[in-house]
*Asks:* 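Okay, here's the structure, questions in a sec.
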2 protein chains.
Amino acid sequence: MHDLIRQAEALCQRSGMAFTAPRRRVLEILAASETPMKAYDLISKAGEGGQATKPPTVYRALDFLCQLGLVHRIEQDATFVACNHAGHSHPMALFVCNTCLKATEVAYDEVAPILEKAAEMQGFHLTRLVVEGRGQCQDCALAA
Amino acid sequence: MHDLIRQAEALCQRSGMAFTAPRRRVLEILAASETPMKAYDLISKAGEGGQATKPPTVYRALDFLCQLGLVHRIEQDATFVACNHAGHSHPMALFVCNTCLKATEVAYDEVAPILEKAAEMQGFHLTRLVVEGRGQCQDCALAA
DNA sequence: GTAGGTAGTGTTATGTAATAACATACTAGG
DNA sequence: CCTAGTATGTTATTACATAACACTACCTAC
């Protein structure tokens with residue numbers, strides 16, 4: 001979990017971007033969370049202790065972290081989750097458990113080319129692909 | 001386009017559901033639109049002419065139509081689009097053109113099993129799958 | 001060193017998306 | 001009838017996201 005912060009620092013330094021206080025704060029909170037978080041939970045959490053934190057501050061940090069691939073936005077429910085496989089942004093699907101709400105990352109390297117091909121057959125050229133799922137994770141299946 | 005309305009009527013009758021005025025109105029507007037629409041555009045459009053239409057009315061209609069597979073919600077940007085392949089809700093991806101904003105539906109029957117398998121390998125059991133893309137459609141590629 | 005550009009943050013205000021909660025109407029079965 | 005089920009109407013509010021502008025820090029070219 002502190003790994004992620006160090007990775008972020010390294011990544012920023014390499015690409016000449018600033019790993020500023022609000023960006024660090026947002027990433028720390030997300031990294032510490034078991035489950036994906038909603039933006040406004042993040043905002044109020046970020047405001048605890050220190051000075052009040054307003055929406056644009058957090059949204060800007062989130063945009064930055066998403067671009068670097070350190071954080072993913074889950075479109076289905078507008079939540080954000082820290083990425084384990086940080087840095088190298090290869091295509092991955094996010095599957096969210098309906099019970100415990102934890103997100104599981106699954107690589108879909110095999111699938112991406114197929115979808116790209118299917119799109120090209122209709123003349124459509126893909127630049128971004130979102131693959132998300134819902135269901136039940138292993139732990140919750142065993143617990144049931 | 002009126003096909004879609006007739007299909008909806010038939011589908012509702014078969015399953016004993018009511019194809020009521022607001023549901024029809026929302027589907028008509030979506031069917032007439034070239035591109036996916038945002039909810040509040042729908043709301044104001046639905047309110048033109050007749051009596052004012054409030055958000056819950058439209059959202060309820062959208063929920064209904066989505067469940068029947070007559071309409072799809074595009075999670076990336078919270079828009080709604082009428083479904084050409086209505087009724088039989090086989091898995092399909094929605095690819096949205098960044099230029100003309102039109103949505104193209106692409107079946108991914110081949111891909112779904114692969115993703116399900118990849119998920120199962122991590123003990124995750126899928127109940128819902130979202131596949132969405134962004135890029136450039138054929139028409140816009142040719143026009144460029 | 002200082003003028004000007006770039007990148008980032010702080011702050012106010014507002015726009016946009018979605019739903020809770022409750023009242024009302026229609027309709028089919030007993 | 002009347003009542004259970006289904007759907008709509010209405011008010012209000014909650015949640016998600018960004019526009020616009022002021023300010024600071026830093027860097028670099030003259």
Side-chain angles (χ1 to χ4, degrees), chain A residues 8-9 11-30 35-68 70-81 101 132, chain B residues 8-9 11-30 35-68 70-81 101 132:
Chain A
E9 279 171 348
L11 192 60
C12 286
Q13 206 153 35
R14 242 183 295 136
S15 35
M17 325 212 69
F19 192 55
T20 59
R23 290 169 181 175
R24 161 178 249 115
R25 183 115 178 81
V26 167
L27 185 56
E28 279 172 353
I29 294 170
L30 278 177
T35 59
M37 291 182 73
K38 298 201 254 179
Y40 272 66
D41 291 343
L42 255 169
I43 290 165
S44 63
K45 191 108 183 171
E48 281 176 12
Q51 91 258 27
T53 305
K54 313 272 176 64
T57 304
V58 169
Y59 278 104
R60 286 192 282 230
L62 285 171
D63 285 349
F64 176 84
L65 295 167
C66 284
Q67 269 177 19
L68 278 149
L70 293 162
V71 166
H72 297 302
R73 182 180 195 272
I74 301 177
E75 308 286 347
Q76 287 178 78
D77 51 6
T79 55
F80 299 86
V81 64
L101 303 180
E132 294 179 4
Chain B
E9 279 171 349
L11 191 59
C12 286
Q13 206 152 34
R14 242 183 296 136
S15 36
M17 326 212 69
F19 192 55
T20 59
R23 290 169 182 175
R24 161 178 249 113
R25 183 116 177 80
V26 167
L27 185 57
E28 279 173 354
I29 295 171
L30 278 177
T35 58
M37 291 183 72
K38 297 201 256 178
Y40 273 67
D41 291 344
L42 255 169
I43 290 165
S44 63
K45 190 108 185 171
E48 282 175 12
Q51 91 259 27
T53 306
K54 313 272 177 66
T57 303
V58 169
Y59 278 103
R60 287 192 282 232
L62 285 171
D63 285 349
F64 177 85
L65 296 167
C66 284
Q67 268 177 19
L68 278 147
L70 294 162
V71 167
H72 298 302
R73 182 181 195 270
I74 301 178
E75 308 285 347
Q76 288 177 78
D77 50 8
T79 55
F80 299 86
V81 65
L101 302 180
E132 295 179 3

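Computed from a prediction, not measured in an experiment: that's the story for all the values here. Each chain gets a letter, A, B and so on, in the order its sequence line appears, and its residues count up from 1.
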*Asks:* Determine the contact category for B:Arg60: base if any of its heavy atoms lies under 4.0 Å from a base atom, sugar-phosphate if only primed atoms, P, OP1 or OP2 are that close, otherwise nothing.
*Replies:*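 Base contact.
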*Asks:* So, do B:Leu30 and B:Leu62 sit near enough that their side-chain heavy atoms are less than 4.5 Å apart?
*Replies:*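 Result yes, sub-4.5 Å side-chain heavy-atom pair found.
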*Asks:* Under 4.0 Å: is that the gap between some side-chain N or O of B:Thr57 and OP1 or OP2 of D:dT10?
*Replies:*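 No, no such contact exists.
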*Asks:* In whole angstroms, how far is the P atom of D:dC16 from the CG atom of A:Leu62?
*Replies:*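 Atom-to-atom, A:Leu62 to D:dC16, this comes out as 12 Å.
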*Asks:* Rounded to the nearest Å, what distance is computed from the CZ atom of residue B:Arg24 to the C1' atom of nucleotide D:dA7?
*Replies:*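 Rounding to the nearest Å, CZ of B:Arg24 and C1' of D:dA7 are 16 Å apart.
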*Asks:* Within the pair B:Lys54 and D:dT11, is there a side-chain N or O less than 4.0 Å away from OP1 or OP2?
*Replies:*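 Result: yes.
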*Asks:* Hey, does B:Pro22 reach any base, or is it just sugar-phosphate, or nothing, if we go heavy atoms under 4.0 Å?
*Replies:*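 Sugar-phosphate: the residue B:Pro22, judged by heavy atoms under 4.0 Å, touches backbone atoms but no base.
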*Asks:* Taking the side chain as C-beta and beyond, is there a heavy-atom pair between A:Phe64 and A:Cys12 under 4.5 Å?
*Replies:*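 A side-chain contact under 4.5 Å exists here.
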*Asks:* D:dT8 C1' sits how many Å from B:Asp63 CG, rounded?
*Replies:*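 Atom-to-atom, B:Asp63 to D:dT8, this comes out as 14 Å.
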*Asks:* Can you tell me the distance, in whole Å, between the CZ atom of B:Arg25 and the C1' atom of D:dA7?
*Replies:*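 Those two atoms, CZ and C1', are 18 Å apart.
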*Asks:* What distance do B:Ile29 atom CD1 and B:Arg25 atom CZ have between them, rounded to the nearest 0.5 Å?
*Replies:*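 Answer for the CD1-CZ pair, B:Ile29 versus B:Arg25, is 4.5 Å.
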*Asks:* Please find the earliest and latest nucleotides of DNA chain C, in the 5' to 3' direction, that have an atom within less than 4.0 Å of any heavy atom of chain A.
*Replies:*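 Extent of the interface on DNA chain C: C:dG8 to C:dT12.
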*Asks:* By nearest nucleotide on DNA chain D, pick out whichever of B:Thr20 and B:Pro56 is the more 5' one.
*Replies:*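 By nearest-heavy-atom nucleotide position, the 5'-most residue is B:Thr20.
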*Asks:* Got more than 12 heavy atoms from elsewhere within 6.0 Å of CD, B:Gln13?
*Replies:*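 Counting neighbours around CD of B:Gln13, 12 or fewer heavy atoms of other residues, nucleotides or ligands fall under 6.0 Å, so no.
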*Asks:* Nearest whole Å is fine: how far is D:dC16 P from A:Tyr59 OH?
*Replies:*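 Rounded to whole Å, this separation is 7 Å.
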*Asks:* How long is the straight-line distance from CZ of B:Phe19 back to CG of B:Leu70, given to the nearest 0.5 Å?
*Replies:*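 Output value for this atom pair is 7.5 Å.
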*Asks:* Would you mind reporting whether B:Val26 and B:Phe80 have side-chain heavy atoms less than 4.5 Å apart?
*Replies:*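 No, side chains not in contact.
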*Asks:* If each of A:Asp77 and B:Tyr40 is mapped to the nucleotide of DNA chain D with the nearest heavy atom, which maps nearer the 5' terminus, i.e. the 5' end?
*Replies:*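 Counting from the 5' end, the first nearest nucleotide belongs to B:Tyr40.
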*Asks:* Rounded to the nearest angstrom, tell me the gap between atom CD in B:Gln51 and atom P in D:dT10.
*Replies:*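 In whole Å, D:dT10 P and B:Gln51 CD are 7 Å from each other.
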*Asks:* How many Å lie between CE on A:Met37 and C1' on D:dC16, as a whole number?
*Replies:*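 About 15 Å, once rounded to whole Å.
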*Asks:* Is there a side-chain contact between A:Arg24 and A:Glu9 in this structure, where contact means two heavy atoms from C-beta onward sitting under 4.5 Å apart?
*Replies:*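 Yes, side chains in contact.
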